[in-house]
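Let me begin by presenting the structure, written as structure tokens, before commenting on it.
Below, read A as the first sequence line, B as the second, and so on, with proteins coming before strands; counting in each chain starts at 1.
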Protein chains: 2
Amino acid sequence: MHDPAHMPGHLIRRLQQIAVAVYYAETDNAGIDLTPVQYAAMATLLDVGEIDQITLAGLIAYDRSTIAGVIDRLVQKGYVERQVSPTDRRARILHLTETGRQILAHAKPHVEKAQQNMLMGLEENEKEQFLGLLNKIIAAGNDQSRAPMRKD
Amino acid sequence: MHDPAHMPGHLIRRLQQIAVAVYYAETDNAGIDLTPVQYAAMATLLDVGEIDQITLAGLIAYDRSTIAGVIDRLVQKGYVERQVSPTDRRARILHLTETGRQILAHAKPHVEKAQQNMLMGLEENEKEQFLGLLNKIIAAGNDQSRAPMRKD
DNA sequence: CAAAATTAATCAGCATACTGATAATCAGTG
DNA sequence: CACTGATTATCAGTATGCTGATTAATTTTG
């Protein structure tokens, strides 16, 4: 009766809590002032170069209402610049500043370490199994959320 | 590089988004005005009877700072009562109201349906595999978060 | 038993996420 | 070219989650 160990919703919420805690456990010591979400936004910007907010949001599955605040805070810190697109005055083009690039480079190894730690407790083959199943679930459920992930 | 499909942190956050969306997809039509978190709190209260906030928080791994607001809203709706413990005046004893019991009974089948839907896309044996791995990761990482789950 | 440590709850502050609405702009059509 | 519809961004409002501080009450200890 109501056994949390068999309730996916509860376990998923719990896993997310732990993943975030593991992220901070690894990054706090390194003096990194980026949230997991902020890191993902910056890492994606580094990958794809200059894009508008909606495109960025689609690549990392952020809600359009959430992305504005995330970018606000990165602009505030001086890691990202936001300027009106010359070709579409509705859109805001984003790109990393030089400072942003440096911060990101410094954070990267620690964040990658954290990603490893998140699955601690699993054997190597189990990790692959788990990631495979995760991707399968997400592929099937992607369109359920208001902020689906969109391929470039 | 920076392939989201191999970043546990990103996938976990995404899975949580989808799980919540699936919950609402299933409960909205049934006119259920409970968040996933509120439902879990009430379901646990039904299971264990009268307990204080901290104990409840431990059972479902909520932060002590978060539980107050959750309970506030349930009290507001008339589903839960909160009274000062006669044996420890710091503590607030919680219990479901009759209305709360009815609401919970009405919500239960829909929420359980949603729990099934969350793993849609997986075969039966994969679901078990996934839940097994989930529990294993959580067991290993439980103490990482500020709000660990505590066995009764 | 009195002082110190601990505990339950709350609070202010910050950062996701979402709903639903609005403003500004652009694109397509007649 | 004017009009309709779509799109980008933002905003107000609500609900988790967390940090760190505070208050009140209880428990432990010297």
* After noting the C-alpha distance and the side-chain angles of A/Q144 and B/Q17, does the key distance pass the side-chain contact (heavy atoms from CB on, under 4.5 Å) rule? -> CA-CA 9 Å; A/Q144 294 288 320; B/Q17 281 184 321; over 6 Å; no
Under 4.5 Å between side-chain heavy atoms, hopping through other hydrophobics if needed: is there a path connecting [X] to [Y]?
X	Y	value
B/L94	B/I54	no
B/I93	B/V48	no
B/M7	A/L56	no
A/L46	A/V111	yes

* Does the side chain of A/R82 get closer than 4.0 angstrom to OP1 or OP2 of D/dT10 through an N or O atom? ->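 For A/R82, the contact criterion (side-chain N or O under 4.0 Å from OP1 or OP2 of D/dT10) is met.
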* For A/V20, report the nucleic acid contact type (base, sugar-phosphate, nothing); a contact means any heavy atom under 4.0 Å. => nothing
* **Sugar-phosphate, base or nothing in reach of B/A147, heavy atoms under 4.0 Å** =>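 Result for B/A147 = sugar-phosphate.
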Rounding to an integer number of Å, can you tell me how far [X] [atom1] sits from [N] [atom2]?
X	N	atom1	atom2	value
A/Q17	D/dT19	CD	P	11 Å
B/R92	D/dA25	CZ	C1'	11 Å
B/I12	D/dG17	CD1	C1'	16 Å
A/R146	D/dA9	CZ	C1'	12 Å
A/I71	D/dT10	CD1	P	10 Å
B/Q16	D/dC18	CD	C1'	15 Å

* Covered region of DNA chain C, 5' end to 3' end, by chain A [heavy atoms, under 4.0 Å] ->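 Nucleotide range with atoms under 4.0 Å of chain A: C/dA15 to C/dC26.
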* To do: Ignoring hydrogens and angles, state whether a donor on the side chain of B/R82 or B/Q53 is under 3.5 Å from an acceptor on the partner side chain.
  =>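 There is such a pair between these side chains.
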* Value rounded to 0.5 Å, distance of CG in B/L59 from CZ in B/R150 ->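 Answer for the CG-CZ pair, B/L59 versus B/R150, is 8.0 Å.
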* To do: State the CD1-CD distance between B/I12 and A/Q16, to the nearest 0.5 angstrom.
  => 7.5 Å
* To do: Heavy atoms only: give me the nearest B/H10-A/I60 pair and the separation to one decimal.
  => NE2-O, 3.7 Å
* To do: Considering non-hydrogen atoms only, spot the tightest contact between B/P148 and B/D143 and give its length.
  =>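 B/P148 and B/D143 have their closest heavy atoms at CB-OD1, 4.2 Å.
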* Structure fact -> Across all chains, not counting sequence neighbours, the side chain to side chain contact (heavy atoms under 4.5 Å, CB included) partners of A/Q38 are A/L34, A/T35, A/V70, A/R73, A/L74, A/K77
* **Contacts of A/R89 that satisfy side chain to side chain contact (heavy atoms under 4.5 Å, CB included) - sequence neighbours left out** => A/V84
* Hey, which of these two, A/Q53 or A/R13, hits DNA chain D nearer its 5' end, going by closest nucleotide? ->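 Its nearest nucleotide being more 5', the pick is A/Q53.
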I'd like a table of donor-acceptor pairs (distance under 3.5 Å, sequence neighbours excluded) in which one partner is a side-chain atom from residues 118-134 of chain A, with atom names and distances.
{"unit_1": "A/E126", "atom_1": "OE1", "unit_2": "A/E123", "atom_2": "N", "d": "2.8"}
{"unit_1": "A/E126", "atom_1": "OE1", "unit_2": "B/K136", "atom_2": "NZ", "d": "3.0"}
{"unit_1": "A/E126", "atom_1": "OE2", "unit_2": "B/K136", "atom_2": "NZ", "d": "3.0"}

* Contact residues, residues 61-69 of chain A to DNA chain C [heavy atom, < 4.0 Å] -> A/D63, A/R64, A/S65, A/T66
* Check each residue of residues 23-34 of chain B for a non-hydrogen atom within less than 4.0 Å of any atom in DNA chain C, then write out the ones that pass by number, or none. => none
* Asked: What does the inter-axis angle of the helix from C/dC1-D/dG30 to C/dG30-D/dC1 come out as, five pairs per end, nearest 10 degrees?
  -> 10°
Sort me out a list of protein N/O and nucleotides 26-28 of chain D N/O pairs below 3.5 Å, or just none if empty.
{"unit_1": "D/dT26", "atom_1": "OP1", "unit_2": "B/R89", "atom_2": "N", "d": "3.4"}

* Structure fact -> For residues 13-22 of chain A, the salt bridge (Lys or Arg N to Asp or Glu O under 4.0 Å) pairs (sequence neighbours left out) are none
* Position toward the 5' end of DNA chain C (nearest nucleotide), B/I54 or A/T35 -> B/I54
* Asked: In residues 36-45 of chain B, which residues come under 4.0 Å of DNA chain D by heavy atom?
  ->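 Those residues are B/V37, B/Q38.
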* **Chi angles and distances behind the side-chain contact (heavy atoms from CB on, under 4.5 Å) call for B/Q83, B/H95** => CA-CA 9 Å; B/Q83 38 197 233; B/H95 60 82; 3.9 Å; yes
* Asked: Would B/Y79 and B/D33 satisfy side-chain contact (heavy atoms from CB on, under 4.5 Å), going step by step from the backbone distance to the final call?
  -> CA-CA 11 Å; B/Y79 301 165; B/D33 69 335; 3.1 Å; yes
* For A/Y62, side chain to side chain donor-acceptor pair (under 3.5 Å) partners two or more places apart ->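 With sequence neighbours excluded, A/Y62 shows a side chain to side chain donor-acceptor pair (under 3.5 Å) to no residue whatsoever.
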* Asked: Any side-chain hydrogen bond (donor to acceptor under 3.5 Å, both in side chains) pairs touching residues 19-28 of chain A, not counting sequence neighbours?
  ->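 Every side-chain hydrogen bond (donor to acceptor under 3.5 Å, both in side chains) pair that includes a residue of residues 19-28 of chain A, provided the two are not neighbours, is A/E26-A/N117.
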* To do: With side-chain contact (heavy atoms from CB on, under 4.5 Å) as the test, would you mind laying out the steps for A/D52 and A/R92 before giving the verdict?
  => CA-CA 5 Å; A/D52 63 325; A/R92 304 299 149 82; 5.9 Å; no
